[in-house]
Each structure stands twice: as C-alpha cells, then as structure tokens.
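Hydrogens, waters and symmetry mates play no part in the numbers below; they use all other heavy atoms, side chains included.
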Amino acid sequence: MIRSLSRLLAVLAVLLGTVPFAPADAGAEPTGPALTWAVQPADPHGPDGRRWIEHTLDPGQVVTEHLAVRNFSDAPVVFALKAADGYLTDKGRFNMLPSHRPSVDGGTWIGVQGQVTVGAKATKVVPFTVTVPRDATPGDHPAGIAATVTSTGGTVAVESRVGFRVMMRVSGTVAASLAIDDLTASYRHSWNPLSAGTVRVRYTTTNDGNVAVTGTSRVTTGELFGLLDHGTRADAEEMLPGGGRQVEVRVGGVWALGPLRTSVEVTPAVLGGPPTGAQLRPASATVTVWTLPWPHLVLAAALGAVALAFRIVLRRRRRRLAELLARARDEGRAEGRDSALVGAPGKESGNPTSAAG
C-alpha cells in the first residue's frame, strides 16, 4: 500500500506522458494499451525531490547532474533522451522546443546519452552534463530535458515526451527589465445612465532583460483633466528572457467626461529575490482616449424634450382657459347689458294709459 501511494505521488509530481505504444526495440510487448512514465531530477541513487534543476554557473564551467526515468508499464521500454531550449507557453506552462526545431541556447549546453532502456516497473538513473560556453552572456538560459517515445499510426509519427526544466544562470550583471508595447484603452458605458463606466486597457509586457521575472502593474485612469484618478493593480506572470504576456485590465467607476488619460507602470521582480548588483528597470506608458457621456446626453435630451412638451401643453391649456374665461366674461357683460335695457323706466313695451275722471 505504501509503495503504491509513493508511486502515485511521484506520478502526480511531474508531467506524465501516455501514448499508444508498440516499440520495435523493446524487450517485450507491454501488456496494456498505454505506456506511462515519469522523469525527475535525481542524484546518483535516485529521485532527490527536486521539481527542476537550477544552477548559477560561470562561463566555461562544467557540472554533472542526473535524471531518473521511471517506467510504470509491465514491459521494458527504450526511451530516447533529448534536450532543447526552454520557453513558456501562452498559458504560462514550461515547454521545450520540439525535435524539428533546432536549439540555439541552453539546450545546446546539455550533453546526455541518446537513449536508455528501463525495465518493467523499474527506474533508471542517467547522468548528464551542463557545459557553459566561455562566451556565454550573463543571465538565464532555460532548457528542458526529456525522455521521449515515438509512436507511429499509419503515416503519422507522434512524439510524446516527459521531462523537466533545467534553469541555467550565467554569472554576471543581472538585468531585470520589462517593456510595454501596444498599449490601447477604450471606454465602455454602463447600461445604467446613472452609473459610471469602465475603461478597458490592453497592452503587451515583454521581458527585455536577461533573467526570468514576474512583476506588478499599476494602471491609473485620470478624468476631469487629472482632478480624479481611478486605479487598479495586476500581477505579471513569470516571463523568461525574450518572452511576453498580453494583459487586459479594467478600471471601473470612470465617467465619460472628455479626455481620459491612462497610464501603465510595470515594476519587474526577480524570481527568488534580486541578487546583489541586479539592475531593476521599470517601464511606463500612457494613452489618452476622448469620451463623451452619450447615454447621459441622450437622457438629458429626452428629459428636456419631455419638459418642453409638458410646458407647451401647459401653456396651451392656460391659453385655452384664458380664452374660456374671456368668453365667459364677454357673455356675462352682454347678458348684463341686455338685462339693464329690459328693466329701465319708460322703456316698457305698450302705451301708458291715462286714468279717466
């Protein structure tokens, strides 16, 4: 039980490879349809618990290291051992160049035997050397080393590999530097005219130094000609020398009141802390976007139109009421005149009759 548990933990601790397998050079056919193996840093006696290998070396220095290939299948397997330059994928995972792409940096510094046969349920420790060129430049030179198996299905050959990174830092001046490129900003109004909108900021951060770095970005948007500021922070993921990351940040609570000036400041940080004498080079960039509060202007225009319409209707009603009152007064005056004429003395109809004696 303990042996099975330790094996499971070892499998989970490293990158695993699982491929259909029918090797011509293996001593026996595997009993299952899939092959699973693991590759780990080791000492001469076996895996030593490291996740990857890191060294700070001088130009011309040579060191010897070890790797352990663990075969979990029920048959012996022949693995090809390969080294190549390392890089980070878009998702931030470490990888090494495929076999058809030649290495030009740290991958060429690693010397290892071409293949190794590992028995069923067995582990084989293999030494390899790292030789730093005498003209190597200071800084990080990432590489990877892996045990590979190639399977052929029809006319297509698929290479599957499992390995780990080998981080080699050449002594000298460490320069941790980040650059900001392709900075853009756009404003998005809120669906609620009574709420502020959001500024969406996009840019690319590039490691133009000579060591792997992370970093922190500070994004600030100023409105009302800098009287009000809104800001947020973003943590930069690990970047190897020459690598980059696309970053998108949103700054909320911003009103569309003319020019919006957005600034990005990036501060690099060396993984594991900066060594003595390290140069840290922050970067900054600024972009301005002009905005108008269209939803608020539309709302104000609509409210103005409603108020104007209400005023016109009210004015018409008042005019109509005044006309009715004036007409009523005129009719009242006319009726008053008629009544006065009818009731005046000597104006009654017929002739007065004299009293006879």
A.B. asks: Please determine whether side chain to side chain contact (heavy atoms under 4.5 Å, CB included) holds for the pair Asp90 and Arg245, giving the CA-CA distance in whole Å, both sets of side-chain angles, and the decisive distance to 0.1 Å.
C.D. replies: CA-CA 7 Å; Asp90 294 337; Arg245 286 278 189 275; 5.9 Å; no
A.B. asks: Could you grab the distance from atom CZ of Arg317 to atom CZ of Arg320, nearest 0.5 Å is fine?
C.D. replies: 12.5 Å
A.B. asks: Walk me through whether Leu81 and Gln113 qualify under side chain to side chain contact (heavy atoms under 4.5 Å, CB included).
C.D. replies: CA-CA 7 Å; Leu81 300 180; Gln113 65 188 59; 3.9 Å; yes
A.B. asks: Are side-chain heavy atoms of Val170 and Pro59 found at a separation under 4.5 Å?
C.D. replies: yes
A.B. asks: Before accepting this row, confirm whether a basic side-chain N of the pair Glu237/Arg93 lies closer than 4.0 Å to the acidic partner's carboxylate O.
C.D. replies: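 So Glu237 does not pair with Arg93 through a salt bridge.
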A.B. asks: Pro41 and Asp48: which non-hydrogen atoms are nearest, and at how many Å?
C.D. replies: O-OD1, 3.1 Å
A.B. asks: Answer yes or no: does atom CD of Gln279 have more than 12 heavy-atom neighbours from other residues, nucleotides or ligands under 6.0 Å?
C.D. replies: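 Atom CD in Gln279 is crowded, with more than 12 foreign heavy atoms closer than 6.0 Å.
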A.B. asks: Salt-bridge test for Glu65 and Arg50: reply yes if a basic N is under 4.0 Å from a carboxylate O, no otherwise.
C.D. replies: yes
A.B. asks: Decide yes or no on ring-ring contact (aromatic ring centres under 6.0 Å, His included) for Phe72 and Trp37, but give the supporting numbers first.
C.D. replies: CA-CA 6 Å; Phe72 299 113; Trp37 70 102; 9.7 Å; no
A.B. asks: Could you tell me which non-hydrogen atom of Val125 sits nearest to which non-hydrogen atom of His45, and how far apart they are?
C.D. replies: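 Here Val125 and His45 meet closest at CG2-C, 4.3 Å.
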A.B. asks: Using only atom types and a distance under 3.5 Å, with no angle test, would you say the side chain of His189 pairs donor to acceptor with the backbone of Gly197?
C.D. replies: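 Checking the backbone N and O of Gly197 against the side chain of His189, no donor-acceptor pair under 3.5 Å is found.
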A.B. asks: Taking Asp182 first and then Arg202, would you say they form a salt bridge - that is, a charged N and a carboxylate O separated by under 4.0 Å?
C.D. replies: no
A.B. asks: What pairs of donor and acceptor atoms, side-chain ones from residues 94-104 against any protein atom, are under 3.5 angstrom apart with sequence neighbours left out?
C.D. replies:
{"unit_1": "Asn95", "atom_1": "OD1", "unit_2": "Arg161", "atom_2": "NH2", "d": "3.2"}
{"unit_1": "Asn95", "atom_1": "ND2", "unit_2": "Tyr87", "atom_2": "OH", "d": "3.4"}
{"unit_1": "Ser99", "atom_1": "OG", "unit_2": "Lys82", "atom_2": "NZ", "d": "3.1"}
{"unit_1": "Ser99", "atom_1": "OG", "unit_2": "Glu159", "atom_2": "OE1", "d": "2.9"}
{"unit_1": "Ser99", "atom_1": "OG", "unit_2": "Glu159", "atom_2": "OE2", "d": "2.9"}
{"unit_1": "Ser103", "atom_1": "OG", "unit_2": "Asp85", "atom_2": "N", "d": "2.9"}

A.B. asks: Can you name the nearest heavy-atom pair linking Ala185 to Val287, along with the distance?
C.D. replies: CB-CG1, 3.7 Å
A.B. asks: Could you measure the distance from the NE2 atom of His66 to the OG1 atom of Thr129? Nearest 0.5 Å is fine.
C.D. replies: 10.5 Å
A.B. asks: What heavy-atom pair brings Glu265 and Ser284 nearest, and what distance separates the two atoms?
C.D. replies: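 Heavy atoms only, the tightest pair is CG-CB, 4.0 Å.
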A.B. asks: Going by heavy atoms in the side chains, are Val77 and Val118 under 4.5 Å from each other?
C.D. replies: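 Of all side-chain heavy-atom pairs linking Val118 with Val77, none is under 4.5 Å.
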A.B. asks: So, do Val249 and Arg233 sit near enough that their side-chain heavy atoms are less than 4.5 Å apart?
C.D. replies: no
A.B. asks: Hey, mind stepping through Lys91 and Glu238 against salt bridge (charged side-chain N to carboxylate O under 4.0 Å, His left out) and telling me if it holds?
C.D. replies: CA-CA 10 Å; Lys91 296 182 179 180; Glu238 179 187 2; over 6 Å; no
A.B. asks: Under 4.5 Å between any side-chain heavy atoms of Leu57 and Val63, yes or no?
C.D. replies: yes
A.B. asks: Apply side chain to side chain contact (heavy atoms under 4.5 Å, CB included) to residues Arg188 and Arg200 and explain how you reach the verdict.
C.D. replies: CA-CA 7 Å; Arg188 178 172 296 180; Arg200 184 172 63 178; 3.4 Å; yes
A.B. asks: Within a strict 4.5 Å, meaning less than it, do heavy atoms of the Val62 and Val132 side chains meet?
C.D. replies: no
A.B. asks: Out of curiosity, Thr123 OG1 to Gln40 CD, how far, rounded to the nearest 0.5 Å?
C.D. replies: 8.0 Å
A.B. asks: How close do Gly107 and Ala83 get, counting heavy atoms only, and between which atoms?
C.D. replies: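 Taking Gly107 first and Ala83 second, the nearest heavy atoms are O-CB, 4.0 Å.
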A.B. asks: If we ignore hydrogens and angles and just use 3.5 Å, is the side chain of Asn71 paired with the main-chain N or O of Ala75 as donor and acceptor?
C.D. replies: yes
A.B. asks: Could you check whether atom CZ of Arg218 has more than 12 heavy atoms from other residues, nucleotides or ligands sitting under 6.0 Å from it?
C.D. replies: yes
A.B. asks: Applying side chain to side chain donor-acceptor pair (under 3.5 Å), run through Thr216 and Thr267 and close with a yes or a no.
C.D. replies: CA-CA 5 Å; Thr216 302; Thr267 303; over 6 Å; no
A.B. asks: Are any non-hydrogen side-chain atoms of Val201 and Glu248 less than 4.5 angstrom apart?
C.D. replies: no
A.B. asks: For the backbone of Val254 and the side chain of Tyr187, can you confirm whether one donor and one acceptor N or O come within less than 3.5 Å of each other?
C.D. replies: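 Yes; judged by distance alone, with no hydrogens or angles, the pair exists.
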A.B. asks: For Thr204 and Asp181: C-alpha separation, side-chain torsions, deciding distance, then whether side chain to side chain donor-acceptor pair (under 3.5 Å) applies.
C.D. replies: CA-CA 5 Å; Thr204 300; Asp181 300 305; over 6 Å; no
A.B. asks: Quick check: does any side chain N or O of Asp140 sit under 3.5 Å from a backbone N or O of Pro142, one acting as donor and the other as acceptor?
C.D. replies: no
A.B. asks: Do you see a donor-acceptor pair shorter than 3.5 Å between the side chains of Ser263 and Thr220?
C.D. replies: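 Side-chain D/A pair, Ser263 to Thr220: absent.
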A.B. asks: Quick one, Leu260 with Val199, criterion side chain to side chain contact (heavy atoms under 4.5 Å, CB included). Give me CA distance, side-chain angles, the key distance, then yes/no.
C.D. replies: CA-CA 9 Å; Leu260 300 178; Val199 176; 4.0 Å; yes
A.B. asks: Does Asn207 use its side chain to pair, donor to acceptor, with the backbone of Asn210 at less than 3.5 Å?
C.D. replies: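 It does not hold such a pair.
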A.B. asks: Is the shortest heavy-atom distance from the side chain of Phe79 to the side chain of Val149 under 4.5 Å?
C.D. replies: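 Touching, per the 4.5 Å side-chain cut-off.
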A.B. asks: Please, which pairs that meet ring-ring contact (aromatic ring centres under 6.0 Å, His included) have at least one residue in residues 123-144, sequence neighbours excluded?
C.D. replies: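 Checked against ring-ring contact (aromatic ring centres under 6.0 Å, His included) - neighbours excluded - the pairs reaching residues 123-144 are Trp109-His141.
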A.B. asks: Is any side-chain heavy atom of Leu178 closer than 4.5 Å to a side-chain heavy atom of Met239?
C.D. replies: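 Side-chain contact under 4.5 Å: yes.
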A.B. asks: If we ignore hydrogens and angles and just use 3.5 Å, is the side chain of Asp208 paired with the main-chain N or O of Gly243 as donor and acceptor?
C.D. replies: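 No, because the side chain of Asp208 does not come within donor-acceptor range (under 3.5 Å) of the backbone of Gly243.
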A.B. asks: Looking at every heavy atom in both Met168 and Gly106, which two are closest together, and how far apart are they?
C.D. replies: CE-O, 3.5 Å
A.B. asks: Can a donor-acceptor pair be found, under 3.5 Å and without considering hydrogens, that links the side chain of Lys124 to the backbone of Val116?
C.D. replies: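 No, the answer is negative, given that no donor and acceptor are paired below the 3.5 Å cut-off.
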A.B. asks: Using 0.5 Å steps for rounding, measure from the CD1 atom of Ile180 to the OG1 atom of Thr206.
C.D. replies: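 These two atoms lie 9.5 Å from each other.
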